[in-house]
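Here is the structure we will look at.
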Amino acid sequence: MEKEFKKNLIERFITSIAMIVPIVLVVTYKNVWLFSIIVSLTCLVGCYEWVKNNLQNRLLGMFIILNFGLTSIIFVTFIQNAVISPYIIFLAVIFNTAIFDSSAYMIGSNFGKNKIAINISPNKTYEGLVGGLIVSVLYSCSLCIFLNLDFIVIIFLFLGCFFAFFGDLFISYYKRKSGIKDTGHFLPGHGGVLDRLDSHLIATPLILLLFSIVL
């Protein structure tokens with residue numbers, strides 16, 4: 001069990017780095033067309049996996065996935081701020097969700113004993129959730145200090161963790177109803193694209209909306 005956990009953790013780490021690199025490149029070059037293409041292709045693959053796996057409420061699934069993509073593209077295209085680039089904000093939101101998700105997974109796998117939603121996602125625990133929240137707060141505090149951001153960002157990203165948690169449960173619920181563990185095998189250690197998008201689908205649009213209000 002421990003050997004399998006370590007193998008899965010290594011696969012998740014390598015795959016995460018592979019996914020982060022193109023995002024960082026897009027943010028560095030700030031090319032809205034490249035950004036839009038990557039986000040659109042990612043959403044289309046997510047929609048394909050929803051259909052391929054016969055997940056229920058197809059219309060709702062398409063709406064949530066495409067809303068994630070459209071909101072992200074609109075945000076980086078139209079939100080302008082003299083202090084910080086919208087691409088940096090988008091990256092910070094994506095990283096926050098990824099950091100929360102990974103921290104909750106690692107802490108929950110090692111120390112978790114109290115299950116949260118055993119019938120939907122049996123591996124999720126209160127220990128993992130709290131651990132992920134703590135790591136996210138540390139990340140957001142560092143972000144505010146190094147990028148000289150208003151500390152309201154900490155509240156936004158903290159809320160983002162709960163949205164990410166429920167987004168993950170949302171997809172897990174439909175996967176369990178369809179009797180599948182992963183929506184695909186495209187990403188070693190992560191499953192399909194939709195398995196990796198799940199935490200971002202609700203969190204990213206809502207947090208970007210909050211940022212658009214205060215910018």
Ignoring hydrogens and angles, tell me if any N or O in the side chain of Tyr105 forms a donor-acceptor pair with the backbone of Gly128 under 3.5 Å. no
Any sub-3.5 Å donor-acceptor pair from Asp150's side-chain atoms to Ile152's backbone N or O? yes
Are the aromatic rings of Phe162 and Phe166 close, with centres under 6.0 Å apart? no
Same cluster (ILVMFWY, side-chain, under 4.5 Å), Ile118 and Leu169: no
Does atom OH of Tyr48 have more than 12 heavy-atom neighbours from other groups under 6.0 Å away? no
Quick check: closest heavy atoms across Arg176 and Ile120, and the distance to 0.1 Å? NE-O, 2.9 Å
Value rounded to 0.5 Å, distance of CG in Leu159 from CD1 in Ile154: 12.0 Å
Side-chain donor/acceptor of Tyr139 to backbone N/O of Ile134, under 3.5 Å: no
Could you tell me which non-hydrogen atom of Ala104 sits nearest to which non-hydrogen atom of Leu129, and how far apart they are? CB-N, 4.4 Å
Tell me whether Ile116 is reachable from Val130 by hopping between hydrophobic residues (I, L, V, M, F, W, Y) whose side-chain heavy atoms are closer than 4.5 Å. no
When rounded to the nearest 0.5 angstrom, what distance separates CD1 in Ile180 from CG in Leu55? 5.0 Å
Locate the shortest heavy-atom distance separating Cys43 from Phe68; write the atom from each residue and the value. SG-CD2, 3.7 Å
Sub-4.5 Å side-chain heavy-atom contact between Lys115 and Lys124: no
For the CZ atom of Phe78 and the OG atom of Ser212, what is their distance to the nearest 0.5 Å? 13.0 Å
What I want to find out is whether Asp168 reaches Lys175 closely enough, with some N-O distance under 4.0 Å, to be called a salt bridge. no
Between the side chain of Ser140 and the main-chain N/O of Val137, is any donor-acceptor distance below 3.5 Å? yes
On a heavy-atom basis, the closest approach of Gly167 and Ile202 is CA-CD1, 3.8 Å
Indicate yes or no: at least one non-hydrogen side-chain atom of Phe211 is less than 4.5 angstrom from one of Phe90. no
Per the side-chain contact (heavy atoms from CB on, under 4.5 Å) rule, which among Leu209, Ile89, Val93, Ile207 passes with Phe75? Ile89
Hydrophobic cluster membership, Tyr126 vs Leu133, 4.5 Å side-chain cutoff: yes
Let me see the working for Ser136 and Asn96 under side chain to side chain donor-acceptor pair (under 3.5 Å), right down to the final yes or no. CA-CA 6 Å; Ser136 172; Asn96 178 66; 2.6 Å; yes
Distance check, rounded to the nearest 0.5 Å: Leu157 atom CG versus Phe163 atom CZ? 11.5 Å
Side-chain donor/acceptor of Asn31 to backbone N/O of Leu34, under 3.5 Å: yes
Consider only side-chain heavy atoms of I, L, V, M, F, W and Y, link residues closer than 4.5 Å, and tell whether Ile74 and Val76 are in one cluster. no
Would you kindly say whether Ser178 and Asn54 are connected by a side-chain donor-acceptor distance under 3.5 Å? no
Does Gln56 offer a backbone N or O that forms a donor-acceptor pair with the side chain of Trp50 under 3.5 Å? yes
Would you say the side-chain atoms of Glu49 pair up with the backbone N or O of Leu194, donor to acceptor, closer than 3.5 Å? yes
Check whether any side-chain heavy atom of Ser40 sits under 4.5 Å from a side-chain heavy atom of Ile73, and report yes or no. yes
I need the Arg196 CZ to Thr42 OG1 distance, nearest 0.5 Å. 12.5 Å
So which atom in Ala92 and which in Leu143 form the shortest heavy-atom distance, rounded to 0.1 Å? CB-CD2, 3.5 Å
Going through the checks in order, is the side chain to side chain contact (heavy atoms under 4.5 Å, CB included) test met by Val32 and Thr77? CA-CA 7 Å; Val32 68; Thr77 303; 3.2 Å; yes
Going by heavy atoms in the side chains, are Phe156 and Leu149 under 4.5 Å from each other? no
A side-chain contact here means heavy atoms from C-beta on lying under 4.5 Å apart; do Val39 and Phe35 qualify? yes
With a 4.5 Å heavy-atom cut-off, do Ser72 and Leu208 have their side chains touching? yes
Would you say Glu127's side chain and Ile107's backbone share a donor-acceptor pair under 3.5 angstrom? no
I need the Leu91 CG to Ile94 CD1 distance, nearest 0.5 Å. 8.0 Å
Find out whether Val51 and Met62 are in side-chain contact, i.e. whether some heavy atom of one side chain is under 4.5 Å from a heavy atom of the other. yes
If you take all heavy atoms of Ser103 and Gly132, which pair is closest and at what distance? CB-CA, 3.9 Å
Within one Ile-Leu-Val-Met-Phe-Trp-Tyr cluster: Phe95 and Leu210, side-chain cutoff 4.5 Å: yes
Does Leu66 reach the side chain of Cys47, with side-chain heavy atoms less than 4.5 Å apart? yes
